[in-house]
Amino acid sequence: MRRSFAAALHDLRAVDGAVYAAVAATPTPTLDTGLRRLSTAADHSKISLAVAAALAVFPGRPRRAALAGVGAVAVASVSANLVGKRVVRRRRPDREAARVGVARHVPMPASASFPSGHTASAVAFATAVGVVLPVAAVPLGVLAGAVGYSRVHTGVHYPGDVAAGAVLGVASAATALAAGASWTAIRPTDGSTLARHVLLARLGLT
């Protein structure tokens, strides 16, 4: 069983490396500058936070979507950077060996490669906002996908890192949305409501 798992993992890494090398070897001069700028703009979730700020201007569903999105980004960031990267500790790709064009280069992060924190945060934001505000789901989903690809295109992540980041992003959004729903369900609206919740809890009726 262990040998089979190790062999499968070895093969997946081989595929991962091959896809990374193929992207690096494919000339795309018309895309390089745009994807490099997108990758940089996504540092520290600046794009997501800017979108959230714009949505928060409008009351009701857009504002709730902004709050849900920021909450999902927070969960994704903590999960990716404080848990995932410290547990897996995968080395960053060797961009020079793969001959990634200089026009694509962004600063190589010092943190571990797996999972992609940029992708996790972007997907988490897009998923959470899309659930609350469906009209935003497609454009934000496309943007998140572009952010994820830009991390491979610029040579700082393997495709597997991005795929894992996307999965983590969806899970983070689900966690943030569930937490938000629970808080909304139990939040008292006035003193009498709070007293009723306390009484029902003591009677074992909640």
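Along the sequence shown, residues carry numbers from 1.
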Engineer: Return yes if a side-chain donor-acceptor contact under 3.5 Å exists between Arg92 and Ser111, otherwise no.
Structural biologist: yes

Engineer: So if you build clusters from Ile, Leu, Val, Met, Phe, Trp, Tyr with side-chain heavy-atom gaps below 4.5 Å, do Leu55 and Val73 land together?
Structural biologist: yes

Engineer: Let me see the working for Asp94 and Arg99 under salt bridge (charged side-chain N to carboxylate O under 4.0 Å, His left out), right down to the final yes or no.
Structural biologist: CA-CA 9 Å; Asp94 188 340; Arg99 297 183 179 179; over 6 Å; no

Engineer: Can you tell me how far apart CG (Asp11) and CG (Asp16) are? Round to the nearest 0.5 Å.
Structural biologist: 12.0 Å

Engineer: May I ask you to decide whether Arg151 forms a salt bridge with Asp161, counting only side-chain N to carboxylate O separations under 4.0 Å?
Structural biologist: no

Engineer: Do Pro109 and Val156 have side-chain heavy atoms sitting under 4.5 Å apart?
Structural biologist: yes

Engineer: Got a second to check how far Lys85's NZ is from Ser79's OG, nearest 0.5 Å?
Structural biologist: 12.0 Å

Engineer: Is Thr28 close to Val23 at the side-chain level, that is, under 4.5 Å between some pair of heavy atoms?
Structural biologist: no

Engineer: Does some side-chain heavy atom of Leu140 sit less than 4.5 Å from a side-chain heavy atom of Phe125?
Structural biologist: yes

Engineer: Hydrophobic cluster membership, with links at side-chain heavy-atom distances under 4.5 Å among I/L/V/M/F/W/Y: are Val88 and Leu12 in one?
Structural biologist: no

Engineer: Hey, any chance Val129 and Leu67 share a hydrophobic cluster, counting ILVMFWY side chains that come within less than 4.5 Å of each other, even indirectly?
Structural biologist: no

Engineer: Heavy-atom distance under 4.5 Å between the side chains of Val147 and Val123, does that happen here?
Structural biologist: no

Engineer: For the residue pair Ile47 and Ala41, what are the closest heavy atoms and their distance?
Structural biologist: CG1-O, 3.5 Å

Engineer: With heavy-atom distances below 4.5 Å as the criterion, would you say the side chains of Tyr158 and Arg13 are in contact?
Structural biologist: no

Engineer: Could you walk me through whether Val70 and Leu49 pass side-chain contact (heavy atoms from CB on, under 4.5 Å), step by step?
Structural biologist: CA-CA 7 Å; Val70 171; Leu49 294 179; 4.2 Å; yes

Engineer: Please answer: with hydrophobic residues joined when any side-chain heavy atoms are less than 4.5 Å apart, are Leu168 and Val78 in the same cluster?
Structural biologist: no

Engineer: Could you report the tightest heavy-atom contact between Ala52 and Ala66, atom names first, then the distance?
Structural biologist: O-CB, 3.4 Å

Engineer: Any heavy-atom pair between the side chains of Ser116 and His118 that's under 4.5 Å?
Structural biologist: yes

Engineer: Taking ring pair (Phe, Tyr, Trp, His ring centres under 6.0 Å) as the test, write out the residues that go with Phe114, two or more places apart.
Structural biologist: none

Engineer: Please report the closest heavy-atom contact between Gly71 and Ala176, naming both atoms and the distance.
Structural biologist: C-CB, 3.8 Å

Engineer: Please find the pair of heavy atoms, one from Ala128 and one from Ala68, that lie closest to each other, and give the distance.
Structural biologist: CB-O, 3.6 Å

Engineer: After noting the C-alpha distance and the side-chain angles of Ser48 and Ser45, does the key distance pass the side-chain hydrogen bond (donor to acceptor under 3.5 Å, both in side chains) rule?
Structural biologist: CA-CA 5 Å; Ser48 296; Ser45 299; 5.1 Å; no

Engineer: Working to the nearest 0.5 angstrom, can you tell me the gap between Met108 CE and Glu96 CD?
Structural biologist: 6.5 Å

Engineer: Can you give me the closest heavy-atom contact between Gly117 and Ala80, atom names plus distance?
Structural biologist: CA-CB, 4.0 Å

Engineer: Could you see if Val100 belongs to whatever hydrophobic cluster contains Leu35? Use Ile, Leu, Val, Met, Phe, Trp, Tyr and a side-chain cutoff under 4.5 Å.
Structural biologist: yes

Engineer: Indicate the atoms forming the closest heavy-atom contact of Ala164 with Pro115, along with that distance.
Structural biologist: CB-CB, 4.0 Å

Engineer: What pairs meet the salt bridge (charged side-chain N to carboxylate O under 4.0 Å, His left out) rule with one or both residues in residues 104-133, with sequence neighbours excluded?
Structural biologist: Asp32-Arg104

Engineer: With a 3.5 Å distance limit and no angle check, can you tell me whether Arg89 reaches the backbone of Arg86 through a side-chain donor-acceptor pair?
Structural biologist: yes

Engineer: Would you say the side chains of Arg36 and His153 form a donor-acceptor pair under 3.5 Å?
Structural biologist: no

Engineer: Any chance you could lay out the side-chain contact (heavy atoms from CB on, under 4.5 Å) test for Arg95 and Tyr20, step after step, and finish with the verdict?
Structural biologist: CA-CA 10 Å; Arg95 191 162 53 183; Tyr20 176 88; 4.1 Å; yes

